[in-house]
Amino acid sequence: AGLRVGNGEIVGLDRQGLLYVPNDYVVPGGRFNEMYGWDSFFILQGLIESAKRGEAVRADLAKGMTENFFYELDHYGAVLNANRTYYLTRSQPPFLTSMVLSVEGQLAEGERRGWLERGYRAAGEDWAYWNRPEMRAGETGLARYYDYGSGPVPEMQDDASYYQNVITKLAGMGSAGAGFLREARAGEKGFMVQEGGKAWALTDDCYKGDRAMRSSGFDVSFRFGPYGGATHHFAAVGLNALLYKEEMDLAMMAWRLGKTADAVTWRQRAAARQAAINNYLWDEQRGMYVDYDFVAGKASTYEFATMFWPLWAGAASDDQARRVAGHLPDLERAGGLATSPHKTGVQWDYPFGWAPLQMLAVERLRRYGCTIDNRGASVGSADAGRIVIIYAVPVERRRDDLQIVRLHRHQFRHACRIGAGQQGVGEGPVDQIVVYFRRVHVCGCGAGRPCGGVDVGDSDRARPGSAQRADAQAMGQ
């Protein structure tokens, strides 16, 4: 049977290590030197844009990375969080059909049907993973993030202070943190903190939430409770938007392959999920998408940038898209969209902005035709010269505002130094999303042409002139 997600066989491994995949791949960079699940989709977008400019190796690399996920599904039972043994307990946000279809557009006509057949089979397996009983969000008809493991995650062994700090912070939060803590047992080993004359440790359920949070890719945020400790209690709007898109993509792929009965089934599944999204994840009063705590039986009030994902997935009506777009000022700052308006001190909350969230929000707002003005900055307008907020990290704290520095092409290291079976180096998702936006968006730096940069977005500066608008039109804006 091999090492597969959910079968418990990783318990008792003598050593943790890198899992084999057959093709070269690009990594996020730094300590993240393996092939990650949802990062790879955004890296792939930059590779595809490079391929469109004649860099054939980029097309081959994009195809190979997608085939690596086919291999993971065949041999490890899921598109893994990343290809290391200690990730054999979870997946990450599902973008596989989007990757398959992006690669298909770069293939010769004679290769496309065979590619679609392979992608259709693999994506069906990915969908089946997210519809296992463990992934169900109660009786909502929706999915949740889940990790099959228990206790502290092995990848944090090089940061022994993390869980200690979490316990200390929770102990100081009063009732808000109490539900995630328990009194440590006499003689117990593990992470614990002395506070108020007692020894405190995290509950087993909090560790499950911590693990599920890492499956979501948003580690760490307070979106699903402090430090994500209740992540597995929520039907997540982003996850279910992606699954809706996966179902619609599978319906289209089935139809193109002549599998008409399958196509009908997939569309029915998508329709059922869309109805559940509208029932549980759409806040009619506030006009926005939210997560739903199916354990407590109530919608979350925590605003988060994944409210835009149903737009990207095509699950929103025109009216819903318009109303969600009205919430841009809640997250928009001079440099772009903050992940949330909540200043918690962790990296997936305010004041941080992340390249993938910029891309998904901007791309779909443009396609719905939304134009939002904020201190003179036009966001998502298909006819504006300065078309978006910003697109990439790094961010810096400045006057409690989100700032993202202007980054020009020469400041980016493309994450593509590849050797056989090895990973590239660089800041993969950031580099490649900037490549992507260089083609489909225009920088507002005043260069008079697409310069390869991204605008820090000083919202009061003049919009670029007609030369940039002409270039935008030439680029298919």
Side-chain angles (χ1 to χ4, degrees), residues 10-11 13-18 27-34 36 39 81-82 84-90 92 145 147-233 302 338-340 342-354 393-397 400 427:
I10 67 164
V11 176
L13 280 181
D14 292 334
R15 291 189 303 170
Q16 303 288 352
L18 196 66
V27 304
R31 64 179 287 183
F32 304 105
N33 60 351
E34 48 272 315
Y36 278 79
D39 298 62
N81 187 147
R84 286 197 182 273
T85 52
Y86 51 68
Y87 289 130
L88 282 164
T89 58
R90 62 179 182 264
Q92 272 200 325
Y145 291 110
D147 182 299
Y148 282 97
S150 59
V153 293
E155 66 266 27
M156 295 304 293
Q157 288 181 351
D158 62 347
D159 185 6
S161 66
Y162 175 74
Y163 287 115
Q164 299 285 128
N165 290 336
V166 169
I167 296 169
T168 300
K169 295 284 189 180
L170 289 171
M173 292 173 62
S175 60
F180 302 96
L181 297 174
R182 61 172 176 81
E183 286 191 48
R185 296 177 290 272
E188 180 177 348
K189 296 181 180 180
F191 297 106
M192 61 192 74
V193 169
Q194 294 288 333
E195 185 74 25
K198 297 180 180 179
W200 297 100
L202 297 178
T203 65
D204 292 344
D205 192 64
C206 183
Y207 277 122
K208 290 297 284 189
D210 174 75
R211 285 173 165 271
M213 171 190 65
R214 299 170 193 280
S215 177
S216 79
F218 293 101
D219 46 324
V220 178
S221 168
F222 276 41
R223 171 187 172 199
F224 299 123
Y227 299 97
T231 301
H232 57 316
H233 295 179
Y302 204 94
T339 307
S340 83
H342 306 284
K343 190 173 183 179
T344 63
V346 295
Q347 68 176 13
W348 284 99
D349 278 319
Y350 185 87
F352 299 105
W354 291 82
V393 293
V395 300
E396 60 184 9
R397 298 174 189 267
D400 287 330
E427 195 62 37

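Heavy atoms only: backbone and side chains are in, while hydrogens, waters and symmetry mates are out.
D349 and S221 share a side-chain donor-acceptor pair at under 3.5 Å. D147 and H232 share no donor-acceptor pair across their side chains, judged by distance under 3.5 Å alone. One side chain, Y36 or E34, offers a donor N or O that lies under 3.5 Å from an acceptor on the other.
By the 6.0 Å and 45° rule, R214 stacks over the aromatic ring of Y162.
Of all non-hydrogen atoms in A171 and E195, the two that sit nearest each other are CB-CG, 3.9 Å. Contact detail for Y87 and A82: the closest heavy-atom pair is CB-O, 3.2 Å. Nearest heavy atom pair, residue P226 against residue A176, reads CG-O, 3.8 Å. The two atoms that bring G149 and T89 nearest to each other are N-CB, 3.7 Å, heavy atoms only. The heavy-atom pair separating T339 from W348 by the smallest distance is CG2-O, 3.1 Å. A pairwise comparison of heavy atoms in G151 and Y207 identifies C-CD2, 3.6 Å as the closest pair.
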**Check against side-chain contact (heavy atoms from CB on, under 4.5 Å), D219 and M156** = CA-CA 12 Å; D219 46 324; M156 295 304 293; over 6 Å; no
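Atoms CG and CD1, on L202 and I167 in that order, are 4.0 Å from each other to the nearest 0.5 Å. Atom CZ of F32 and atom CD of E155 lie 9.0 Å apart (nearest 0.5 Å). Atom CG of residue D210 and atom OG of residue S215 lie 11.5 Å apart, to the nearest 0.5 angstrom. Between the OG1 atom in T231 and the CZ atom in R223 there is a gap of 8.0 Å [rounded to 0.5 Å].
One N or O on the side chain of Q164 and one on the backbone of M192 form a donor-acceptor pair closer than 3.5 Å. With hydrogens and angles disregarded, a donor-acceptor distance shorter than 3.5 Å links the side chain of R211 to the backbone of P152. A donor-acceptor pair under 3.5 Å is absent between the side-chain atoms of T203 and the main chain of R182, judged by distance alone.
Every salt bridge (charged side-chain N to carboxylate O under 4.0 Å, His left out) that K198 has, sequence neighbours left out, goes to E183.
The shortest distance between side-chain heavy atoms of M213 and F224 does not fall below 4.5 Å. The closest side-chain heavy-atom distance from K169 to V193 is not below 4.5 Å.
With respect to the salt-bridge test (charged N to carboxylate O, under 4.0 angstrom), the residues D204 and K208 do not qualify.
Judged as a ring-ring contact (aromatic ring centres under 6.0 Å, His included), the pairs with a partner in residues 184-204 (not counting sequence neighbours) are, in order, Y163-F191.
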